[in-house]
Amino acid sequence: MGSAAALASSRMILMRAAFFALCALVVSPALAQAKHGGVTRHYKFDIKMQNMTRLCQTKSIVTVNGQLPGPRIIAREGDRLLIEVVNNVQYNVTIHWHGVRQLRSGWADGPAYITQCPIQTGQAYVYNFTVTGQRGTLFWHAHISWLRATLYGPIVILPKKHASYPFPQPFKEVPIVFGEWWKADTETIINQALKTGGAPNVSDAFTINGFPGPLSNCSTKDTFKLKVKPGKTYLLRLINAALNDELFFSIANHTLTIVETDAIYVKPFKTHTVLITPGQTTNVLLRTKLKAPNVTFVMAARPYATGPGAFDNTTVTGLLEYAKPSSPSKPKASKLPTLKATLPKFNDTAFAMKFVQKLRSLNTAQFPTKVPQTVDKNFFFTVGLGLNPCPQNQTCQGPNNSMLAASINNVSFVMPSTALLQAHFFKQSNGVFTTDFPTKPPSKFNYTGTPPNNSMVNSGTKVVILPFNTTVELVMQDTSIIGAESHPLHLHGFNFFVVGQGFGNFKPKRDPKNFNLVDPVERNTVGVPSGGWVAIRFVADNPGVWFMHCHLEVHTSWGLKMAWVVMDGKGRKQKLPPPPADLPKC
Ligand SMILES: [Cu+2]
């Protein structure tokens, strides 16, 4: 299929997303009524190589079913999903259902060597989980090395039957998935970087639904176009599936109303620009103009970047085109003038802070905000970059012949060679992990001030043990050891409440007084402000092993990750069931 045809068909698919979603819900023969009131939905993910041409270059990429972005998962709240993943590529693969709570289904969470061994070439694994108490937009992506560069796609969770949105029913629903494209092979890039200790190459372009848009080389035809009718409300399901970049997003001369983040409703508010970090999802309402204007509007995204390293400073654009009622089949949009979108500066941390502070939970009788008012255990984690020494007889490309690293409380996480969850469940943790992850930094220093003399990190596979139902407060503090930087931290298995955030060093006597314990935003990924801190609360009500890591993939590769082990409770429904028979082996 030519790119124009591909574009046309993908556009049609997107425009009819909601329609098809509803059809699938009504007619799919694969559905079976389950005892919890939801239905069971079956999907098959064939992991296969596919040639794809972007930026005038063709390369073979790892895909699900040959698609980029991959297929959309659609379910209703309460439905059970059975997704068979068959690995037909040379790489080990796992898929993570990002933001799905996975209540007592940790075996289906997906991070390689945390909850499962990878699916090896020629093998298959059925991810089996139920979507409980969540509705909105999430996404799925590969969770091993950098394969998520091309293995990602939307998860759309519709409200239960006969339940409605707490906002006007949209005319159409459209996923807008941001991705990142490298001309070179991403596995080679990260493997090289980890060997030499230097920073991996930045991407060559960002994409919207797989397309870089006209500002990139050879990409005029590879442009996502959103065709709209005047006077309608569209629900845009924004997903940041990029690897290493937080993004600003805006549509020329249109206001967006934010209604949901990370599959939790928020108090609606209007904005011209959305900030979305990797790992975050945001639903926005787009109200189109009453009369179709003789203008095509640009939608654009580019990075919010604060770190010391290089970043991809390109802009991805798509087009918002109004259909003319007189000639619905052939709008001459290409002849219309285009109106550009304006975006904040790359390092506009003031905008970023203002934006995230506007996010509040809906907190109504139907959707209450159950933020814990008391805390059982407090943790204080520093997050940031550091260094490892260069191995003897080698030259390294980090600062002063060192290797770049990243850590939490100065522990750079070492991936085990077997899955932590298996080791935990079968009580075989000896030699796999230790339970001494530090609850606070090994030494106090001015975290956001002049860096300490020693910037070397420690290494280990360390976890925190939490008894069932522990209420946790966690303050995450950015460090400026190599350079202050915003880090989007993602917690598996839970949503958390963002009760506070600020710049500089967290002050335990001063800052908690200002925590929002009424309507804090609830999410699964939060930006630790550049040169600042964020405080979150969650209840450890989900037994299993839960990964927490920076969703800038390069930082995760360098070790900015750890795991929580949540013990079984006493009740029958408070225990993790045994693993499924087809759980992959290492
Ligand atoms: Cu990070």
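Both counts, for ligands and for their atoms, begin at 1 and track the order of listing. Note that the coordinates shown come from a computational prediction; the quantities given were computed from them, not determined experimentally. In this chain, residues are counted from 1 in sequence order.
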Checklist entry - Can a cation-pi geometry be assigned to Lys59 and Trp181, taking NZ or CZ under 6.0 Å from the six-membered ring centre and within 45° of the ring axis? => result yes
Checklist entry - Phe346 ring centre to Arg302 NZ or CZ under 6.0 Å, with the angle to the axis within 45°? => result yes
Item to check | Environment of the Cu ion (ligand 1) in terms of protein N/O/S atoms, cut-off under 2.8 Å | outcome: His487 ND1, Cys550 SG, His555 ND1
Item to check | Candidate list Glu246, Arg148, His490, Gln280, test side chain to side chain donor-acceptor pair (under 3.5 Å), partner His551, passing option | outcome: Arg148
Checklist entry - Residues two or more places apart in sequence or in another chain: which of them pass salt bridge (Lys or Arg N to Asp or Glu O under 4.0 Å) with Arg54? => result none
Item to check | Close aromatic pair by centroid cut-off 6.0 Å: Phe413 and Tyr113 | outcome: no
Item to check | Lys354 and Asp348 ion-paired at < 4.0 Å | outcome: no
